[in-house]
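Everything below concerns the one structure shown next.
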Amino acid sequence: MFLSLKSADSNQTQFSIWVEYLCSNIQYQPAKQAIAGFPAMLTFADRVHSDEDPDPISVAAQFPQEIAKLLHFSGKDRDIRQFEHFLDQAEQLGYRHLLLLSGDKLKKHQDGKEQFTERTRYLESVNAVMAAKKRDKFSIGVAFNPFKYTEAESDAQYFKLHKKIQAGADFLITQLGFDLDKIKQTQTRLINDYPHFPLIACVMPLTFRRARYMLKHQVAGIVLPQHILKILEEEHLKDPVQAKKNVYERCALQILICKHLGYAGIHLSACHQPEEQQQLEQAIKKYQAFTLDDCKEHWNILWRAESESVFQPDVKPLANKVKMAQLIKYRTLDWMHRFFFDSPVAMGVGQFIFKPSFWNRSKANQILLSIEYISKHSLVGCESCGQCRLADTLYICPETCPKGLANGPCGGTTIDRCEFGDRECIHSIKARVAKVVGQTEILKTKLIPTVSIDKRNTSSWKNWYEAECKD
Ligand code: SF4
């Protein structure tokens, strides 16, 4: 069954609730088809609990066929061939709704439990969307994290979102978050370019236990300020019954606020048990007739929020500026790129090097590979990917991102810091440089293809020449 986000009779987007199931636990009760009058569908998260979780396709198969399902696919530790296999299976079994993510870091790499013996590769969401779109069978969702608090990390998220939409995304699902200003801002920033693009907000009945767990495990990209934790802890200690009631009331209010704002639906996490859904339904019914302003007022009362700043991160952003060295590097490498690759010089050099009589091709490749690595590794962090993307990434090498993402950031930054905690996110740097040198368009529009495994450890110069200048 194909469930459109539009209702059949009015062509209006139906507000729906998508109930999330983590695939690690498959002991579930029968699923409801509606919650508080809103149509409900099921979503199956991919490797959220552990790296070995059962795959969403096999878990989804255990639920009744007539309920619409959204399958997540996380690109972590996967390549395009595995994704094509997933698409084959999904297509064969009639699943039509996908959520394509690059994914957070593997669980085995969290807390330093396992050393990085070899580099983990990620299939980028942009590339996954491009591949899925070609089949013309799927309704494709992408993740988006609006809860970013520096100009550069926020810009980087939006630049990548443009690419995802251009690649063929049909809707987005936000990261879980509680800052209503950011939820509203997502709409206002997209309205001009994509006025009818459906937005889904991720919400959760946030208990003290869940908040503490997420903080302890530093769940990537989730902002949980001390104020939130303090309120939840106080309530929990004072009156656990009332605390639970407040948890569902807040969740209900957030759902209704998103509906008032014009969101197409809700991705509902941690609420798949019948008693949880019952409490949520009761709370939704209590506030269903409220206006947007009334809902916001009650939301602020329940959170004891005197201003929106209580939902923002406790760490204040640094005023990061583009460094002079970054600008000089950009301008120099850009000039060199134009000189060597966009001019007759490139053709001349290529013809000389690849002249069959000059030396054999495999020897030429080895020599070029070494020269390329030596000249570029110390300068930009080149890892001989065989498909140089520097001209499309403002000469900041994607290989210096721990996930190797070229098209834009994952959702895991914290005030420009990388999810891996050991560097500034390269996409924040890139976004900052792009604004100064007037190159933001390239970060919004240039879809960078994935690097095939057989190209790695070959010379990108040779590959470029063979592709561009052979004749
Ligand atoms: S550099 Fe940025 S995109 Fe890459 S893993 Fe770190 S936070 Fe994610």
Side-chain angles (χ1 to χ4, degrees), residues 51 74-85 102-103 105-106 108-109 114-128 130-131 329 333-334 336-337 340-342 346-347 349-356 358-410 418 420 422-423 425-427 430 446-470:
D51 301 335
S74 166
K76 55 184 168 185
D77 203 17
R78 285 175 172 152
D79 62 31
I80 193 77
R81 285 176 297 201
Q82 287 159 305
F83 182 57
E84 294 286 357
H85 177 65
S102 301
K105 66 180 164 184
L106 290 171
K108 67 183 179 188
H109 292 153
E114 187 170 308
Q115 291 305 309
F116 295 75
T117 43
E118 84 183 45
R119 181 164 186 166
T120 304
R121 296 283 166 199
Y122 284 71
L123 175 65
E124 287 195 63
S125 52
V126 171
N127 301 127
M130 288 159 77
K329 191 162 145 187
L333 291 174
D334 191 45
M336 284 172 72
H337 179 84
F340 284 112
F341 295 97
D342 291 343
M347 199 72 81
V349 172
Q351 275 168 2
F352 170 71
I353 291 177
F354 289 100
K355 221 169 159 185
F358 186 65
W359 49 26
N360 75 45
R361 279 172 178 270
S362 82
K363 196 171 169 192
N365 186 31
Q366 274 314 310
I367 293 171
L368 275 180
L369 183 60
S370 304
I371 298 173
E372 187 175 351
Y373 180 80
I374 291 164
S375 60
K376 283 161 67 181
H377 180 73
S378 54
L379 194 61
V380 292
C382 169
E383 293 288 348
S384 305
C385 72
Q387 181 182 304
C388 189
R389 297 152 286 168
L390 284 172
D392 298 329
T393 59
L394 280 77
Y395 305 96
I396 295 170
C397 181
E399 298 293 304
T400 57
C401 159
K403 296 180 185 174
L405 304 184
N407 281 293
C410 64
C418 170
F420 286 69
D422 59 347
R423 69 197 81 191
C425 174
I426 66 158
H427 302 283
K430 213 167 63 177
K446 177 74 194 184
L447 306 181
I448 303 171
T450 191
V451 175
S452 70
I453 293 167
D454 26 302
K455 263 201 186 147
R456 291 204 171 267
N457 295 314
T458 62
S459 164
S460 74
W461 293 340
K462 173 187 119 353
N463 296 335
W464 175 84
Y465 176 78
E466 284 182 350
E468 303 283 324
C469 313
K470 213 160 185 181

| For His337, which residues count as a ring-ring contact (aromatic ring centres under 6.0 Å, His included) partner, sequence neighbours excluded? | Phe341
| Looking at residues at least two apart in the chain, or sitting in another chain, which of them share a side-chain hydrogen bond (donor to acceptor under 3.5 Å, both in side chains) with Lys329? | none
| field | Gln82: partners by side-chain hydrogen bond (donor to acceptor under 3.5 Å, both in side chains), with sequence neighbours left out | value | none
| message | Please enumerate all residues that pass side chain to side chain contact (heavy atoms under 4.5 Å, CB included) together with Ile453, with sequence neighbours excluded. | response | Asp79, Arg81
| query | Is the backbone N or O of Lys105 less than 3.5 Å from a side-chain atom of Asp77, with the two atoms forming a donor-acceptor pair by type? | reply | no
| field | Residue pairs involving residues 371-393 (criterion ring pair (Phe, Tyr, Trp, His ring centres under 6.0 Å); sequence neighbours excluded) | value | Tyr373-His377
| Do Asp51 side-chain atoms and Leu106 backbone N/O form a donor-acceptor pair below 3.5 Å? | no
| note | Rounded to the nearest 0.5 Å, the SG atom of Cys425 sits from the CG atom of Leu405 at a distance of 8.5 Å
| message | I need the His427 NE2 to Asn407 CG distance, nearest 0.5 Å. | response | 8.5 Å
| said: For a quick test of reading the model, state the closest non-hydrogen atom pair linking Asn127 to Ile448 and the distance between them. | reply: ND2-O, 2.9 Å
| request: Check side chain to side chain contact (heavy atoms under 4.5 Å, CB included) between Ser375 and all other residues, then give those that pass, not counting sequence neighbours. | output: Trp461
| said: Give me the atom names and distance for the closest heavy-atom approach of Ala131 to Glu84. | reply: CB-OE2, 3.8 Å
| query | What is the distance from atom CG of Leu390 to atom CE of Met336, rounded to the nearest 0.5 Å? | reply | 11.0 Å
| task | Working to the nearest 0.5 Å, report the span between CD1 of Ile374 and CG of Leu369. | result | 9.5 Å
| said: Quick test of your reading: applying salt bridge (charged side-chain N to carboxylate O under 4.0 Å, His left out), list the pairs with at least one residue in residues 371-381, sequence neighbours left out, ordered by first then second residue. | reply: Glu372-Lys376
| query | Which atom names give the shortest non-hydrogen contact between Cys388 and Cys385, and what distance separates them? | reply | N-SG, 4.2 Å
| Can you list every side chain to side chain donor-acceptor pair (under 3.5 Å) pair that touches residues 385-403, not counting sequence neighbours? | Arg121-Glu399, Asp334-Tyr395, Arg389-Glu399, Glu399-Arg456, Lys403-Glu419
| task | Please name the pair of heavy atoms, one in Ile426 and one in Pro398, separated by the smallest distance, quoted to 0.1 Å. | result | CD1-CA, 4.0 Å
| request: With rounding to the nearest 0.5 Å, note down the distance linking CG in Asn463 to OG1 in Thr458. | output: 4.0 Å
| About how many Å separate OG1 of Thr450 and NZ of Lys455, when rounded to the nearest 0.5 Å? | 10.0 Å
| task | Looking only at non-hydrogen atoms, find the nearest pair between Ala406 and Glu124 and report the distance. | result | N-OE2, 2.7 Å
| Check: Ser102 side chain, Gly75 main-chain N or O, donor-acceptor pair, under 3.5 Å | no
